[in-house]
There are 2 protein chains.
Amino acid sequence: MSVAPSRQEQKERTREAILNAALDLSRDHGFAQISLRQVARQAGVVPTAFYRHFDSMDELGLALVERSFLTLRTMIREAQGDPDVLDNIIEASAEVLVRVVKQNRMHFAFVARERASGSAAVREAIQRELELFISELAVVLARLPHLDRWSSDDVKMASGLFVRNMVYRAEQVVQMPEGRPDREEEITRKAQREMRLIVLGFEKWES
Amino acid sequence: MSVAPSRQEQKERTREAILNAALDLSRDHGFAQISLRQVARQAGVVPTAFYRHFDSMDELGLALVERSFLTLRTMIREAQGDPDVLDNIIEASAEVLVRVVKQNRMHFAFVARERASGSAAVREAIQRELELFISELAVVLARLPHLDRWSSDDVKMASGLFVRNMVYRAEQVVQMPEGRPDREEEITRKAQREMRLIVLGFEKWES
DNA sequence: ACTTTCAGTGTACGCATGTTCACTGATGGA
DNA sequence: TCCATCAGTGAACATGCGTACACTGAAAGT
């Protein structure tokens, strides 16, 4: 027999249902074009109940941004903990990328989609988080051979190149039909080739 | 005294007004979230007249994709004609990029925004056009030193890196507030640094 | 045991939407 | 000159929207 949930627990549960409903509906139509009523319906709740959790759709969007970047940070932390990554940044990080993206498809899809097109508030939040993420990755990169002597501007440039590559490949993984390990391998391979090319540039870089 | 326009001319004029209205409204809200009635209103025409030119908003979107990529092709042709580009691909092409994007702000904004988020039809059309564009640029790149001996796959990778970099920088130019030559210069500089890094990689690339 | 709090309900409203239909009147071919 | 064509009109419709408001009833505080 399950115990009756406390009021707080129940509220949290509904909030979660709303977030998931929005994420789910965004998949097909984009967050900006789904309505408050659609979200409420999918969450199994009456439209007005929505307001007990969020003031507006915009606020819901910001909450989704926050939640999505939480999983992005998990990735960078995982990459940092992995001893392979420092030895072999390219192969290891490309694999971490594809794996984490596959596990969190919806979150990455949301970020990739709304980055350029969401409401102004959502778009700005994503840009800010992405900048933050680039800075965090730069700290990791700064410990690599060749890069440890660079100016911080240069390291950030490298980090930016990697992250943009990552976002692009994540878009592809997200759009990839399920159960196509061949496509997945191809994406991993292409990402690796590109990162290898960039790293080759690092070795000759000056100023 | 101006001559009365022919029926065809007048129709073409209205069609153009609808396209421009849609492009203009997309700027703030994204194409996917503007309504047929808004477009008609902005074009100075009654909603039902819209149907004389397009069957649906989706078809309007596809027409905008086509028109936008027409200006993109202008850019590549201009770059091909410019003798500086072959000698000094990086500086010259970065400048061509920023200039052309500034001249065609709205078209680039449209492509960048709807690439990841438009309706399925619009999204797919843009992806297809972008692939085509990468292939065309690859033909130009194949004539560069170091690259002339590469496999066509490798040249396409290089082309893809440049184009993605271009799309990203175009997004920034578009979002840039008007009359900020300092920001513009910074973007040009960053784009150049990144392209230079990639080209450095080219010189050491094998297989 | 009582009262308060508050997550979720149900109704009602005014508004913008996409699409239909019958129409008008200038253009342009006969 | 007459008449067909057809780009653009204007009214009407059903529908879905965001939000206001008064409400209910169980959980939590006393």
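Within every chain, numbering begins at 1; the chains are lettered A, B, ... in the order of the sequence lines, protein sequences first and strands thereafter.
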ask   = Ignoring hydrogens and angles, are the base of dG8(D) and the side chain of R52(B) linked by a donor-acceptor pair under 3.5 Å?
value = yes
request  = Compare the minimum distances between each of dG8(D), dT9(C), dT19(C) and the side chain of Q10(B), then state the nucleotide with the smallest one.
outcome  = dG8(D)
key: Phosphate-side-chain proximity, S35(B) and dT17(C), N/O vs OP1/OP2 below 4.0 Å   = yes
query = To the nearest Å, how far apart are E59(A) CD and dG18(D) P?
reply = 16 Å
key: Among dG18(C), dG10(C), dC17(D), the nucleotide that comes nearest once only the side chain of Y51(B) is considered   = dG18(C)
inquiry  = Distance check needed: dT9(D) P versus L36(B) CG, whole Å only.
reply    = 13 Å
query = Base, sugar-phosphate, or nothing for R41(A), non-hydrogen atoms under 4.0 angstrom?
reply = sugar-phosphate
inquiry  = Tell me the interatomic distance from Q38(B), atom CD, to dA16(C), atom P, rounded to whole angstroms.
reply    = 11 Å
note = In whole angstroms, the gap separating C1' of dA7(C) from CD of Q8(A) amounts to 13 Å
request  = Looking only at side-chain atoms of K11(A), point me to the closest of dT9(C), dA7(C), dG18(C).
outcome  = dA7(C)
ask   = Any donor-acceptor pair under 3.5 Å between the side chain of T48(A) and the base of dG10(C)?
value = yes
ask   = With a 3.5 Å cut-off and no angle check, do the side chains of S119(A) and D58(A) form a donor-acceptor pair?
value = yes
ask   = With distance as the sole test, does R123(B) use its side chain to make a donor-acceptor pair with the main-chain N or O of G118(B) at under 3.5 Å?
value = yes
inquiry  = Heavy-atom nearest nucleotide on DNA chain D for M57(A) versus R37(B): which residue maps closer to 5'?
reply    = R37(B)
key: dG28(C) base / R7(B) side chain donor-acceptor hit below 3.5 Å   = no
message = Under a plain distance cut-off of 3.5 Å, with no hydrogens placed, do R169(A) and Q172(A) share a side-chain donor-acceptor pair?
response = yes
